[in-house]
Amino acid sequence: MLEVRLAENLGFCYGVKRAIQLAEDSAEPDTRSYTLGPIIHNPQMVARLAEEGIGKIDTLDEISEGTVIVRSHGVGPHVYEKIERKGLGLVDATCPHVRKAQSAAKAFADDGCQVVIVGDRNHPEVQSILEWAGAGAVAVASEAEAEDLPLYGRLGIVSQTTFSGVKFKSIVNKLLDKSSDVRILRTICTATDQRQSAAVKLAGQVECMIVVGGRNSANTTKLAQLCAEKCKTYHIETAAEVCDEWFATIKKIGITAGASTPDWIIKEVYEKCQKK
Ligand code: SF4
């Protein structure tokens, strides 16, 4: 009999749950609502919201009326200004942890610091923090990038909320050489760490892991990479991808899911595995 185990922490984090709830609550019969970018990196959830009448736009230029839902990654100040200028409604689902990083970056900049965000500059959350920090703020994602920065009078450091705690510490160590006046706010959210630790722990106890979540979800992909270091791992988006042959020779399988994976998809995968 196959034993199917779920990771202790998996699936939606607080910020994503909140954003989806706010989006669903915004649906009204006579006003169209649109998320600015996909609400989360999960195509099935985006499709479900579309069925509930909540569309997706990539830029504010696509609409002239309706309500805009700002997703958990947040946006820069110019987006709020444009929403107001166009007379659009606003539902702000920026995760409070992201808001904290944005506010800290702005406060550092207002205080005359060079702002450095430790994170992936292409990630929408980091882009939103960069915009709050104003012109001149930079993002670094490696020790080498930190070393390449010049010396500064004052330095203010924040992190992408989903950045690795260990790597943040190592990059900050390099940044400490760049100024004698360094202020640091470690704005890393525990949801990512918890999901990663639980996934690694489970991957060490089973023969095979299934990681459920969007292929375009960075946090799900990271979970799959971590699990793959411990055991055979499959990254899937839905239960339809679960294959019989995976179960031919194993007795114990683990399941985890990224912070943007809906509960109903995790449940479908779990139930399908239990029938093997
Ligand atoms: S991972 Fe953390 S910071 Fe990001 S949306 Fe979830 S709770 Fe918020």
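Being a predicted model, the structure only gives us computed values, none of them experimental. Indexing begins at 1, ligand by ligand and atom by atom, following the structure's order.
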### Message
Main chain of G153, side chain of S179: is a donor-acceptor contact present, judged purely on distance under 3.5 Å?
### Response
yes
## Note on the structure
Looking only at protein heavy atoms, what sits closest to atom 7 (S) of ligand 1 is G15 N, 3.4 Å
### Task
Tell me, please, if C95 has any N/O/S atom, main chain or side chain, under 2.8 Å from atom 6 (Fe) of ligand 1?
no
#### Entry: Atom indices of ligand 1 within 4.0 angstrom of H97 heavy atoms, with elements
3 (S), 7 (S), 8 (Fe)
#### Entry: Contacting atoms of ligand 1, where contact means under 4.0 angstrom from a heavy atom of C189
1 (S), 2 (Fe), 3 (S), 7 (S)
### R215 side-chain N/O to H235 backbone N/O, donor-acceptor pair under 3.5 Å
yes
### Query
To the nearest 0.1 Å, how far is atom 6 (Fe) of ligand 1 from its closest protein heavy atom, and which atom is that?
C13 SG, 2.2 Å
### Task
Consider only side-chain N and O atoms of Q102 and R99, and report whether a donor and an acceptor are under 3.5 Å apart.
yes
### Query
Which residue and non-hydrogen atom of the protein lie closest to atom 4 (Fe) of ligand 1, and at what distance in Å?
T161 OG1, 3.8 Å
### Message
Check this for me: does any side-chain nitrogen of one of E241 and K272 sit under 4.0 Å from a carboxylate oxygen of the other?
### Response
no
### Query
If you draw a 6.0 Å radius around NZ in K201, do more than 12 non-hydrogen atoms from other residues or ligands fall strictly inside?
no
